[in-house]
Amino acid sequence: MEKRGISKLDLKRRNRMQILRVIRESGPISRVDVASALEITRAAVTIITNEMIEEGVLVEIGEAPINTEKLQKGRRKILITINENSKFALGANVDEKEVSIGLTNLNSQVLDKDSMPIEERTTSKDIITFIIQKSKEMIENSCLSKDKVLGIGIGVVPSMWGKLKIFYKDGELDFSNFIDKISSGVDIDVHCGNAIGLLALANNDFKGINGYQINQAFLHNGNQVNLAIINKNELSSDYLSYTSTIEKYIVAPGGKSYEGYPNGSVKAELSRTAMLNSFYEIYSKEKTPILFELTEGDKNNINTEKVFMALMRGDEAVKKVVDDIIAKYTVLINNLAISHFAKRIVIHNYKLNEKQFDYVKREMIRLVSEDIADRVVLSKLEGRNNFIGGCALIIQDNFYTKGGMQ
């Protein structure tokens, strides 16, 4: 008769994983509160956490502060937390413009980083060689032993999959060919994923709000518009591979057309190309005199900064186009908030500064409500350190999921 069950090692790993999850979401925290959250005995938690402290995975950081409204009797609680420097992670990100790579600790503190621009002549071999060389250099420069490095996580945006020969197999993304090429040059574990989901994971705040985890939507703007959903601190499986399905959403019924997409779709109205075309259509010395001056009469110089400068200086035609784009984004964001119960909507790679973002938020409040507009935030990785998405993947897979064991 076949025996089924869970091994002692798997049980140990699962218990440690659960403890790490609680500390990540609620820490620093006492052993008593960990036991309460997991509904297991304090003695069991003490045995497991003491072992993790001996290994350097966890650290004690002192006594919990006194609650003057409810004085405690006996010994005060000792708080424990994750030792952020017990392990380190390499991460890389490949998008349309550059490949970036960096080294972080478990708390995403950047210790080293580098990048290489991607041009028309840049080959997949160039990208792979850069990742391999920089991985080795960063480990060596930081004097890290192999057991201290969890591995390297690599995120690739969907528009770059073809260039790196990443294809679908049986309905799922197959990174095996790409991973094999990286692994042949580095002696560490290599994990890969859709960069959009990894960036969403890196932007996620794992702490609970009012005692529960909120759903979050992550919108990425690039050659494609992409969406990832975080559901209670987990990436939604629906968006692990097919993040660009957001481009089929309708934001302007009966609006502009794009082959293969419904009229008024995100692809036709809100892609980077579509938005630029909206400005190209009105661009002239007569219709947009301020924008024309700022761009020196060359529409190829149009960018977010110059558009908002023209808007603030009174270019009415520019303001009309900007407000129309914001209105369509407001429809999209309102639908995401409702359909995914998203309490937080992160927008990434939109090149907005705080002043420009305030203008966008004011328009959203006018069009829908303050509640919906307040859910929208700028990505904390906006314009920098996108490789942290790769770090988030390898930390999740090789630290949290393994209970801090290698």
Side-chain angles (χ1 to χ4, degrees), residues 7 9-10 12-14 16-17 20-21 24 52 55-57 82-94 99-114 124-125 127-157 160-161 164-166 169 172-202 234-235 240-241 385-406:
S7 70
L9 180 61
D10 288 338
K12 179 181 179 180
R13 183 178 289 113
R14 180 181 296 180
R16 288 169 59 121
M17 179 181 68
L20 287 176
R21 177 184 61 79
R24 188 185 206 182
M52 295 172 79
E55 295 171 3
V57 176
I82 295 165
N83 179 3
E84 61 186 30
N85 292 315
S86 62
K87 299 290 181 182
F88 299 89
L90 281 162
N93 185 80
V94 183
V99 50
S100 61
I101 184 168
L103 176 73
T104 73
N105 64 7
L106 295 176
N107 198 34
S108 298
Q109 180 183 355
V110 178
L111 307 176
D112 199 355
K113 65 179 180 178
D114 206 341
S124 60
K125 184 178 179 181
I127 294 170
I128 291 166
T129 300
F130 178 77
I131 292 173
I132 291 171
Q133 289 178 346
K134 291 302 173 181
S135 296
K136 291 178 177 179
E137 285 179 17
M138 289 182 184
I139 293 173
E140 183 177 345
N141 291 344
S142 298
C143 300
L144 294 175
S145 58
K146 181 183 174 183
D147 65 308
K148 278 286 188 177
V149 182
L150 294 168
I152 181 168
I154 306 172
V156 185
V157 298
M160 293 296 288
W161 293 345
L164 295 177
K165 295 180 175 56
I166 297 165
K169 184 177 181 180
E172 294 185 1
L173 280 174
D174 181 13
F175 287 92
S176 58
N177 181 56
F178 181 64
I179 289 174
D180 288 344
K181 290 179 179 178
I182 298 291
S183 297
S184 67
V186 295
D187 190 24
I188 54 175
D189 203 13
V190 181
H191 290 201
C192 291
N194 184 341
I196 311 306
L198 306 190
L199 289 167
L201 194 63
E234 298 286 341
L235 274 170
L240 284 176
S241 299
N385 298 347
N386 284 341
F387 59 81
I388 291 179
C391 295
L393 171 66
I394 204 71
I395 290 170
Q396 181 67 35
D397 287 355
N398 282 2
F399 182 76
Y400 286 102
T401 301
K402 292 184 177 182
M405 301 168 65
Q406 277 192 301

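- Residues Val156 and Cys192 form no side-chain contact, since every pair of their non-hydrogen atoms from C-beta on lies 4.5 Å or further apart.
- In this structure, CD on Gln109 lies 10.5 Å from CD1 on Ile388, to the nearest 0.5 angstrom.
- With rounding to the nearest 0.5 Å, the separation of CG in Asn177 from CD1 in Ile166 is 8.5 Å.
- Looking at Lys87, its side chain never comes within 3.5 Å of a backbone N or O of Asn105 through a donor-acceptor pair.
- Applying the salt bridge (Lys or Arg N to Asp or Glu O under 4.0 Å) test between Asp10 and each of Lys12, Arg13, Arg14 identifies Arg13 as the sole match.
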Next item on the list: Could you give me the CA-CA distance, side-chain angles and deciding distance for Leu20 and Phe399, then say whether side chain to side chain contact (heavy atoms under 4.5 Å, CB included) is met?
Entry: CA-CA 9 Å; Leu20 287 176; Phe399 182 76; 4.0 Å; yes
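- Of the possible donor and acceptor atoms, one in the side chain of Asn83 sits under 3.5 Å from a partner among the backbone N and O of Gly56.
- Checked against Ile131 for a side chain to side chain contact (heavy atoms under 4.5 Å, CB included), the options Val186, Leu90, Val190, Ile154 give a single hit: Ile154.
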Next item on the list: Please step through side chain to side chain contact (heavy atoms under 4.5 Å, CB included) for the pair Thr104 and Asn385, ending with a clear verdict.
Entry: CA-CA 11 Å; Thr104 73; Asn385 298 347; over 6 Å; no
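- Considering all non-hydrogen atoms of both residues, Val94 and Met160 come closest at CG1-CE, 4.1 Å.
- The minimum heavy-atom distance linking Leu235 with Ala200 is given by the pair CD2-CB, 4.3 Å.
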Next item on the list: I would like to know whether Asn194 and Trp161 meet side chain to side chain contact (heavy atoms under 4.5 Å, CB included); could you show each step before the answer?
Entry: CA-CA 9 Å; Asn194 184 341; Trp161 293 345; 3.6 Å; yes
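- Pairing each heavy atom of Leu201 with each of Ala392, the nearest pair is CD2-O, 3.9 Å.
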Check: Are Leu150 and Asp189 close enough, and set up right, to give a side chain to side chain contact (heavy atoms under 4.5 Å, CB included), and what steps lead you there?
Finding: CA-CA 7 Å; Leu150 294 168; Asp189 203 13; over 6 Å; no
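- Within the model, atoms CG of Leu103 and CG of Leu111 stand 5.0 Å from one another, a figure rounded to the nearest 0.5 Å.
- Scanning for side-chain hydrogen bond (donor to acceptor under 3.5 Å, both in side chains) contacts around Asp180 gives an empty result, with sequence neighbours left out.
- Pairs of residues two or more places apart, or lying in two chains, that qualify as side-chain hydrogen bond (donor to acceptor under 3.5 Å, both in side chains) and include a residue from residues 135-144 are Lys134-Glu137.
- Note that the NZ atom of Lys113 and the CZ atom of Phe387 stand 6.0 Å from one another [nearest 0.5 Å].
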